[in-house]
Each structure stands twice: as C-alpha cells, then as structure tokens.
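What follows is one structure encoded as structure tokens, with my remarks underneath.
Not measured: the values here are computed from a predicted model. Worth knowing before you read on, the calculation uses all heavy atoms, side chains too, and leaves out hydrogens, waters and symmetry mates. Reminder, nothing fancy here: chain letters follow the sequence lines and each chain counts from 1.
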2 protein chains.
Amino acid sequence: MTTAKMTVVKTRGISILLVDDHPVVRQGYRRVLEHQDDFSVVAEADNAANAYRAFKSHGPDVVVMDISMPGASGLEAIRNIRARDADARILVFSMHSEAAQVKAAFAAGASGFVTKGSEPAELIAAIRSVARGEHAMSDDVARVLALESLVPTKSALDQLGEREIEILRQFAAGSTKEQIAANLNLSTKTVQNYHYLIKAKTGLRTDAQLVRLAVECGLANL
Amino acid sequence: MTTAKMTVVKTRGISILLVDDHPVVRQGYRRVLEHQDDFSVVAEADNAANAYRAFKSHGPDVVVMDISMPGASGLEAIRNIRARDADARILVFSMHSEAAQVKAAFAAGASGFVTKGSEPAELIAAIRSVARGEHAMSDDVARVLALESLVPTKSALDQLGEREIEILRQFAAGSTKEQIAANLNLSTKTVQNYHYLIKAKTGLRTDAQLVRLAVECGLANL
DNA sequence: TGCAGGTCGGGAAATTTGCCCGACGAAACT
DNA sequence: AGTTTCGTCGGGCAAATTTCCCGACCTGCA
C-alpha cells in the first residue's frame, strides 16, 4: 500500500520486448510498433531462453511473444518470466486461435492473446491494455473463447485423463506404442487400450486426426 | 539484343505486391520494405485469389508472397500469375526451407525463395535481384538446396510417386483409407498398399511420423 | 460406506497390416 | 521392335493390431 509509488517507474511510453524466431517478421513488428510515438522496442529475442535473458536485463513493460517457436517452449518462456516477475505483462501473438492454446497461454501467465490475423490496430490496442495491467485479446480469439464457454465444449483435451494426454503427446511425437509403454512403464496392452480410449472419447477415427488434435492443443510441436 | 531498351520500363523504383494472410505481418513487411527509398508497396493481398486479381490490376515489378496460406494455394497462385504473365517476378517468402518446398516453388515459376528466418537485408537484396530478373534465395535455402544436390538426398518425398504423395497428403489431412479410396476411385486394398509402400520407402513406422513428414514437406497444413 | 472415475491390463472376435505376388500401361534404353 | 524399368492397381494370407468388454485397484468425495 505505502509502496505504491515505487512500482510506477514509467508514466510516459511503453517499453516492449519482442519475441519471435523470424528476424524479418520481428523487424516488421518493430516498425509497426515504433510507429506509435509512445512505444519503444527495447529488445528482441528469437527463442525462449533469450527471451528470458532479455526480460531480466531490460525489464520491459510488455513482452510481445510469438509462442510457436522452435522447441515450442513459448509457454515455458511465459512461465519462466512470470516466475521471476509475477507482474510481468506478456502478450501472446500467435498464428492460431485454438481455445485450448489460448487457455494454455493464459494459464501460463499471459495477459493477452492476439492472432496474427488481426489488424495492426488491434495489436496496438491490446498492448496498451496489457500495459495498463488489463487483460486483452483480439476479437477472433474472444469469439472462439466465448463460443466454447457457451457450449459445454468438450474441447477435446478436457475429457481426457492425465495418462491419456501424456500418451497422446508421445504418440503424436511419433513414438510407437511399444516405446510409449517402455517410457511409462506400462504394458503394451495398456497403451493400446488408452489409444483406443482416446479415439473413443474424442470421436476421432484416424491416427492422423489425433496428431492434428495434439498439435492444435499445443501438446505436440510439429 | 536490339530490344534491350524496351524492357526497361522503370529505372527508378520497384513496385511490390505483398501477399500474406496475416494483416499485422503484412503491415510489418510493408514498413520494412518501404523503408527502402526505391521500394513501394503498391498492393496487398491476403489469399491466392486476391493475389491474382491484385497482380492483374497493378502489374507490380515483384510479388512477395508467403505460400503457406489457407487453402495452401500458394503454389497455385504462382502458377496462375505466371500463366498470365510469363515475365512476372515472384519472390516466395516462407517459414520453412524444405528442399522439396523450394523446388516446388521454383517449378511453379517463382524467381526467388527467402525464409522468414533471414535478416531483412537478405529479403531486400533478394527483391532487388528478382526485380533485375535474376534468381535469388537466402543463404539458408541455398545451403539446404546445395546439400541436397550433393548427397543424392532421398529427401523423403522424391522417392515417392505421384499417387503415393497424393495419398500421403489426404492421409495426413485426416482422411480414412476408405475415404481416400472413394476420393481417388481406388479399392481400399490399393490405398492400404500405398500406405504400406509409403512407410517402406520413407522408413517411417508410425502414422504420426507420416503426418509429420507430410507437414514438413509442405504437403499438409496443420 | 458407497459411488464415481482414473489407472492398469486380460480376452476374443473382427479388422488391419505386412509382405508377397501378378497384371497392365507408359516411358526409357538397346 | 524388344526389353527393362517403373508407376499404378489390386489379390491373398498369415501375423499383428484394433475393438470392445471385462475385472481389479486406488483415490477422492458425499
């Protein structure tokens, strides 16, 4: 309470850390964002580890992060940053808008979620919101999330148990049932049964569809 | 020889058509490119059909195109544009740098191929090269291609026949063997045999691995 | 205490796979 | 023209897997 003033470091301008693994793309965002007078991109990073380092050394007001990076460790990066600074504002900037992915991002500690399909104005507005400590998401993300909160939405993964999810993950990664059984210390038969159960619960028929599901839910990184 | 001067329409400035399905990304590129004094982005498009229309009406010097668009019709768009104007300069700007994808792009009529992992300077240099009528590609693409021309490179897809590739594509898209058989007017047995052959030729064991292969080769868009 | 549900695996019939085969047409080589 | 190769298409059959049902155990919860 009495230390409130201490947290107000910058009343003017929003400093931004940009995280994306594509240099040209990053450069593009940088220009879009710096076109705003009160934005300044103070650092860039091309992977999760560098993002964490850059956050530590620059302490930006907002982190704008593409979570689909090599190693798919985007969510990990969010968790790491939040673990260090629970007040960190992280805005996820993703290609996709799967409900599960969005939820995972927020669960990991993101403050906002904007898709690359959004207009630049939406991204900019979201950054301002996040900087103010609010939560933000682009219209399309909101729509997906709203829809899924109306319909009880068995969003696929929710109906799966922990074991089932783990097996789905390894399966989508390309492991054989035998390998999975060995990894988890189960009988091959059990893994087969889980495989069957997963298909039954999700209503999917094809292994390929399972892989797609896993990827969509952020379980697997293709 | 004697008509050399006729082809020199613009000695000053390069007009560009930007094709990418993500508005923010497009905006970013636009700023990066327009930062070059002699570049001007005269039009944008967010899908294959619009790209073709924009090309018709603006006749840009260079088309900068992300080929991973909804409908995966990027290659189609290239073919369409080239069919209309065999002199069209198209620079592909892709996330991936699979040899097969690069080859497909050039086969379709692209003049250049730059990955999003390249530095902005590389993209800009490539645009200039392409505008001059040369072929261009970023260093990483060149490396992949060079490597694959040295080693006989069974780059997976090359060893597959046309039918096999089509079946792999549909399979990775999530179709069942019955559906594929129906689509292609084949017996289920034949599709099964192809499925077996694909696994045998690629050395892959799991359906999930096949899906990954298809995605990596740009056959399927997840 | 009793119920629900996740985890683990057996069993048996039905289905699919793995691998081999032959046939046909087209392109390529001799 | 003859032949070799290669892609396409499918049959056959044993072996493997999937499907679906079952029981058992453990944990949390009412």
Side-chain angles (χ1 to χ4, degrees), chain A residues 100 103-104 107 152-214 217 219-220, chain B residues 99-100 103-104 107 152-214 217 219:
Chain A
K103 285 181 177 176
T153 304
K154 334 261 171 196
S155 84
L157 282 202
D158 301 341
Q159 47 191 334
L160 265 42
E162 193 147 347
R163 224 74 239 251
E164 288 157 346
I165 289 183
E166 176 57 21
I167 283 169
L168 172 58
R169 206 187 57 69
Q170 294 197 30
F171 181 74
S175 304
T176 67
K177 294 190 178 59
E178 286 74 18
Q179 289 172 330
I180 297 174
N183 290 342
L184 301 180
N185 235 261
L186 296 174
S187 98
T188 300
K189 181 69 205 197
T190 300
V191 176
Q192 283 174 356
N193 275 332
Y194 276 121
H195 181 234
Y196 167 71
L197 270 183
I198 293 168
K199 285 199 275 187
K201 286 190 180 180
T202 59
L204 267 27
R205 320 235 141 264
T206 294
D207 283 353
Q209 293 172 336
L210 288 183
V211 174
R212 300 174 83 83
L213 171 70
C217 295
L219 267 187
Chain B
K103 284 181 177 176
T153 305
K154 335 258 169 194
S155 85
L157 283 201
D158 300 342
Q159 45 192 335
L160 265 43
E162 195 154 338
R163 225 72 239 251
E164 288 158 346
I165 289 182
E166 177 57 21
I167 283 169
L168 172 58
R169 205 186 57 69
Q170 294 197 29
F171 181 74
S175 304
T176 66
K177 293 188 178 62
E178 286 75 17
Q179 290 172 330
I180 296 174
N183 290 341
L184 301 179
N185 235 261
L186 297 174
S187 98
T188 299
K189 182 66 203 193
T190 300
V191 175
Q192 283 175 357
N193 275 331
Y194 276 120
H195 181 234
Y196 166 70
L197 270 182
I198 293 167
K199 284 200 275 187
K201 286 189 180 179
T202 59
L204 267 27
R205 320 234 142 262
T206 294
D207 283 353
Q209 293 172 336
L210 288 183
V211 175
R212 300 173 83 83
L213 171 69
C217 293
L219 267 186

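- A 4.5 Å side-chain heavy-atom check between Arg212(B) and Leu204(B) finds every atom pair outside the cut-off.
- Per the geometry, CG belonging to Asn185(A) stands 16 Å off P belonging to dT7(C), to the nearest Å.
- Between Arg169(A) and Glu166(A) there is a salt bridge, since at least one side-chain N of the basic residue sits less than 4.0 Å from a carboxylate O of the acidic one.
- Between the side chain of Thr206(B) and the backbone N or O of Ala208(B) there is no donor-acceptor pair closer than 3.5 Å.
- Summarising the geometry, the separation between CD1 on Ile165(A) and P on dG6(C) is reported as 11 Å, rounded to the nearest angstrom.
- In this structure, Glu164(A) places its CD atom 10 Å from P of dC8(C), rounding to the nearest Å.
- Looking at heavy atoms from C-beta onward, Leu168(A) lies out of side-chain contact with Thr202(A) at the 4.5 angstrom threshold.
- Distance alone, capped at 3.5 Å, is enough to place a donor-acceptor pair between the Gln209(B) side chain and the Gly174(A) backbone.
- Lys177(A) has no side-chain polar atom (N or O) that falls below the 4.0 Å cut-off from OP1 or OP2 of dA16(D).
- Within 6.0 Å of CD in Glu162(B) there are 12 or fewer heavy atoms belonging to other residues, nucleotides or ligands.
- Between Leu184(B) atom CG and dG7(D) atom P there is a gap of 18 Å when expressed in whole angstrom units.
- Protein atom CG of Leu186(B) is 17 Å distant from nucleotide atom P of dG7(D), rounded to whole Å.
- Atoms CZ (Arg205(B)) and P (dT17(D)) sit 12 Å apart, rounded to a whole Å.
- The CG atom of Asp207(A) sits 10 Å away from the C1' atom of dT18(D) (whole-angstrom rounding).
- Taking every heavy atom of residues 187-200 of chain B and every atom of DNA chain C, pairs under 4.0 Å involve Lys189(B), Gln192(B), Asn193(B), Tyr196(B), Lys199(B), by number.
- With rounding to whole Å, Ile167(B) atom CD1 is found 13 Å from dT17(C) atom P.
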